[in-house]
Structures are given as C-alpha cells and as structure tokens.
Number of protein chains: 2
Amino acid sequence: MAFLMPGDSCDLHVGLLAEMDHSIQTITPASVATIDREAMDAIRDTHRGVAKAMYSAQLIDEGAMRAWITSMGRRASIERVAHLMCELYLRARNIGLVSEPSLALPLSQLLLADALGMTPVHLNRVLKELRIAGAMSLQRGSLLITDPEKLVQIAGFDENYLHRRLRRAS
Amino acid sequence: MAFLMPGDSCDLHVGLLAEMDHSIQTITPASVATIDREAMDAIRDTHRGVAKAMYSAQLIDEGAMRAWITSMGRRASIERVAHLMCELYLRARNIGLVSEPSLALPLSQLLLADALGMTPVHLNRVLKELRIAGAMSLQRGSLLITDPEKLVQIAGFDENYLHRRLRRAS
DNA sequence: CGTCACGTTGAACATTCTCAACCCGAGTGG
DNA sequence: CCACTCGGGTTGAGAATGTTCAACGTGACG
C-alpha cells in the first residue's frame with residue numbers, strides 16, 4: 001500500500017493503538033530509527049507546533065492512500081504501473097536518489113505485482129508492453145525511463161498530486 | 001472511498017492543509033455540523049486528551065482505508081460487494097440504524113459501482129448473483145440479508161476488523 | 001402522457017488470471 | 001569444476017472475470 005524511501009517515516013503514532021493492523025518490511029538493508037512511545041507522547045503534549053506538523057503529515061499520507069485507492073479502482077493495469085513508476089521516480093529524485101539516467105528500484109516483480117493488485121505474470125506482460133512502447137524499462141533492479149512524456153501520458157500522471165501544501169500559519 | 005453514517009465525523013483536521021484533495025457529498029438529506037478552524041486549533045492546543053483521541057480516530061480511519069485498498073486489490077467483485085454490505089450492515093447496527101429485518105441503504109447502483117471500482121452493469125449482475133444465491137438482496141434502497149452466514153462466507157468477512165481498540169492510557 | 005433517472009438484460013469484446021512450462025544467473029555441496 | 005537447486009523472470013494457451021454498447025423495462029414526477 002506504500003513504499004517508503006530513505007528519510008520517510010511511518011506509523012509515528014501507532015503507540016496510540018492497542019495493536020498494529022498492518023506490517024512493514026524492509027526490502028533492502030536499511031537503517032531504521034525508532035522513537036519510543038513515551039517520547040512521542042511527550043512531543044505531542046509539549047510541542048504544539050511539532051504536533052501540528054505531524055497531524056499534517058498524517059493528512060498527507062491519507063491523501064496518498066486515497067490516490068492509491070483511486071488507482072486501484074479506476075486505472076487499467078498499465079496505467080497503474082506507469083503511474084507508480086512516475087511517483088517513485090519523482091519521489092526518489094526529490095531526495096537526490098536518482099543516479100541518471102536510471103533509478104535503483106530493488107523491487108521484485110512479485111512484490112510490485114502484489115502492491116499493484118495484479119498477478120506477477122500479468123505485471124510481467126505489462127512491463128514488456130511498456131518496454132516495447134519505449135516508455136520505460138525495469139530490469140535488474142533498475143528503472144530506466146526512456147520516454148518521460150510517453151510514460152506520463154500513459155499514466156495520466158499529474159505531478160501536482162505529490163505536492164500537497166500546508167496552510168500558512170495564521 | 002468511504003461512506004459516512006449518522007454520527008460519523010470526517011476531515012476534522014483539513015484546516016491544516018491549504019486545500020482539500022477530495023470532496024464529500026450528502027446522498028440523503030442530512031444535518032451537518034461544522035467546526036471552524038480556530039475552534040479545532042484551540043482544542044488541539046489546549047485539550048491534550050481530546051487531541052490524542054482525535055489522533056487515534058485518524059489512525060482508525062487510516063486502517064479503514066487500508067482495508068479498502070486490500071479490498072480493491074485482492075478481492076473479486078462479488079467478494080467486494082458482499083464485504084461492503086457486511087461492513088455497512090454492522091456499522092449501521094452499531095448505531096441502532098437497522099430496522100429488522102432490513103436496512104435502509106439509499107445508494108444507487110451507480111454510486112455503489114463507482115465506490116467499488118466496477119461498472120454499474122457488472123454491479124447489477126453481481127447483485128443478481130447474490131440474490132439468486134440467497135445471500136442478500138438490495139432493492140429499492142433497502143438491504144435485506146437473507147443468509148448472513150453465506151454472505152459472510154462469500155465476503156470473507158472478519159468481524160474483528162471494525163473493532164480496532166485503543167491502547168489503555170498508561 | 002412524456003420524460004427522466006435508475007435498473008435490467010444480451011452479446012461481443014477486452015482484460016486479467018490460471019496453469020504450466022521453460023530460461024537464466026547466483027549460490028551450494030560434492 | 002560441475003551438477004543441482006532455487007528464486008526470479010518470461011512465454012503460451014485457455015478460461016474466468018469484467019467492460020462496452022445498446023436496448024428495453026419501470027416507477028416517479030411534472
């Protein structure tokens with residue numbers, strides 16, 4: 001339902017619930033920082049500004065999930081794939097993770113297919129289709145966008161949806 | 001992506017963002033209460049307990065959205081329909097809204113199909129299938145569950161997923 | 001009585017899945 | 001060094017699932 005990249009945080013507030021309703025996995029070696037419950041409680045209670053910022057972050061995450069739902073419900077599989085690739089590419093670029101011309105994406109087709117709600121076999125064919133169309137190719141853990149415009153057009157990607165802005169402090 | 005019932009709240013915190021990334025509609029006449037931004041800010045800042053509770057509510061909503069994503073990605077359409085009906089039924093019952101033996105569900109097939117990510121035509125056929133199977137029937141805005149067990153079984157419904165609990169105050 | 005929104009149905013088609021096979025490169029034990 | 005295995009990736013063929021388009025029914029409402 002989501003892919004995290006270096007610097008992303010997740011589940012900052014699970015401490016409030018009795019149990020997790022989902023799980024998180026690393027798919028590469030990773031350094032993971034944790035914040036214990038007491039610390040989070042303290043931050044929330046004593047730093048109103050930070051608390052507010054965390055609320056906002058939460059809302060933005062929710063927006064991303066809504067986008068994901070739309071993707072699943074309304075987009076054909078090839079659009080879904082293209083869209084996710086656009087998103088991952090932009091996010092990676094925003095944190096300086098793209099080593100032009102390609103981006104390291106250590107995702108097995110199995111994983112991707114699952115995330116996108118389709119069969120590995122079908123994903124494979126879709127990737128092939130995108131490759132043949134000359135839009136992008138994903139091979140040996142590396143994403144190469146050969147024709148950005150075409151990819152964006154297939155995906156119906158709107159760059160703006162990643163940039164949810166905050167209301168200026170009143 | 002969600003259906004609200006009497007007493008449900010939504011978007012308590014949109015005040016934090018510069019713009020909405022989604023919309024809300026009434027599908028029946030409804031009384032809607034609004035809380036203005038200043039009041040919400042004040043509550044968040046001065047009532048830590050309430051703020052915490054609202055965080056939790058937010059997390060629970062998020063869980064619901066995750067469930068929705070799972071539904072879209074992994075369930076066949078008949079399962080999706082059955083699952084949503086189970087959920088709506090239980091939620092309605094929890095707030096005393098079920099007038100046995102049936103539940104008023106003022107949802108057009110158009111609306112439902114859109115929410116479930118399928119064609120109105122196909123939804124219609126799925127509903128017919130469920131009716132013929134004797135599990136439930138949805139007609140003239142009223143949901144009648146004729147064989148709860150069968151419906152639950154078709155849906156693969158786990159009653160527990162609605163009852164996310166909070167961590168007891170430490 | 002006409003209109004309009006919604007529901008229902010059929011038939012052809014497109015999309016996606018299933019199952020099964022095969023390929024390949026990286027590790028592993030003999 | 002070689003055969004083996006194993007986790008991906010790729011491909012084909014047939015079947016299931018879902019869509020499209022177009023028609024018709026039906027009740028509410030002016």
Side-chain angles (χ1 to χ4, degrees), chain A residues 3 25-29 68-85 102-144 154-156, chain B residues 3 25-29 68-85 102-144 154-156:
Chain A
F3 290 108
Q25 284 188 1
T26 57
I27 54 181
T28 64
W68 202 286
I69 291 179
T70 315
S71 219
M72 307 256 57
R74 287 219 230 262
R75 275 198 262 269
S77 57
I78 190 171
E79 299 165 347
R80 238 165 28 236
V81 174
H83 200 271
L84 180 57
M85 292 306 136
S102 69
L103 159 64
L105 260 198
L107 297 169
S108 74
Q109 293 189 0
L110 235 84
L111 223 54
L112 263 180
D114 188 22
L116 292 165
M118 51 185 165
T119 323
V121 176
H122 189 53
L123 174 67
N124 183 286
R125 293 195 229 265
V126 168
L127 288 175
K128 184 179 173 188
E129 199 175 336
L130 285 167
R131 202 180 320 128
I132 289 172
M136 52 158 275
S137 86
L138 179 60
Q139 267 160 336
R140 259 163 281 110
S142 138
L143 169 67
L144 176 64
I154 291 174
Chain B
F3 290 109
Q25 283 189 359
T26 57
I27 53 182
T28 64
W68 202 286
I69 292 179
T70 315
S71 219
M72 308 256 50
R74 286 221 232 261
R75 276 198 261 271
S77 57
I78 191 171
E79 298 165 348
R80 242 172 17 241
V81 174
H83 201 269
L84 180 58
M85 292 305 134
S102 69
L103 158 63
L105 260 199
L107 299 170
S108 75
Q109 294 188 1
L110 234 83
L111 222 54
L112 263 179
D114 187 22
L116 293 166
M118 51 185 167
T119 321
V121 177
H122 189 53
L123 174 67
N124 183 286
R125 294 193 230 267
V126 168
L127 287 176
K128 183 179 173 189
E129 199 176 337
L130 285 167
R131 202 181 319 127
I132 288 172
M136 51 158 275
S137 86
L138 179 60
Q139 267 161 335
R140 260 164 279 110
S142 138
L143 169 66
L144 176 63
I154 291 174

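Convention: sequence-line order gives letters A, B, ...; per-chain numbering from 1.
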Backbone of H122(B) reached by a side-chain donor or acceptor of T119(B) within 3.5 Å: no

Mark up nucleotides 24-30 of chain D, 5' to 3', with B wherever a protein heavy atom is under 4.0 angstrom from a base atom, S wherever such an atom reaches only the sugar-phosphate, and - elsewhere. -------

If a protein heavy atom is under 4.0 Å from the base, mark B; if only from the sugar-phosphate, S; if neither, -; do that for nucleotides 7-25 of chain C going 5' to 3'. SBBBB----SSBB------

Evaluation steps, side chain to side chain contact (heavy atoms under 4.5 Å, CB included), between L105(A) and M85(A): CA-CA 10 Å; L105(A) 260 198; M85(A) 292 306 136; 3.8 Å; yes

List for me each residue that meets side-chain hydrogen bond (donor to acceptor under 3.5 Å, both in side chains) alongside R80(A), sequence neighbours excluded, and say none if there are none. none

Results of side-chain hydrogen bond (donor to acceptor under 3.5 Å, both in side chains) for Q109(B) - residues two or more places apart only: N124(B)

Enumerate donor-acceptor pairs with a distance under 3.5 Å from any side-chain N or O in residues 133-141 of chain B to protein atoms, sequence neighbours excluded.
none

Point-to-point distance, once rounded to the nearest 0.5 Å, from CG of L107(A) to CD1 of I27(A): 4.5 Å

Could you name each residue pair satisfying salt bridge (Lys or Arg N to Asp or Glu O under 4.0 Å) that touches residues 112-125 of chain B, not counting sequence neighbours? R74(A)-D114(B)

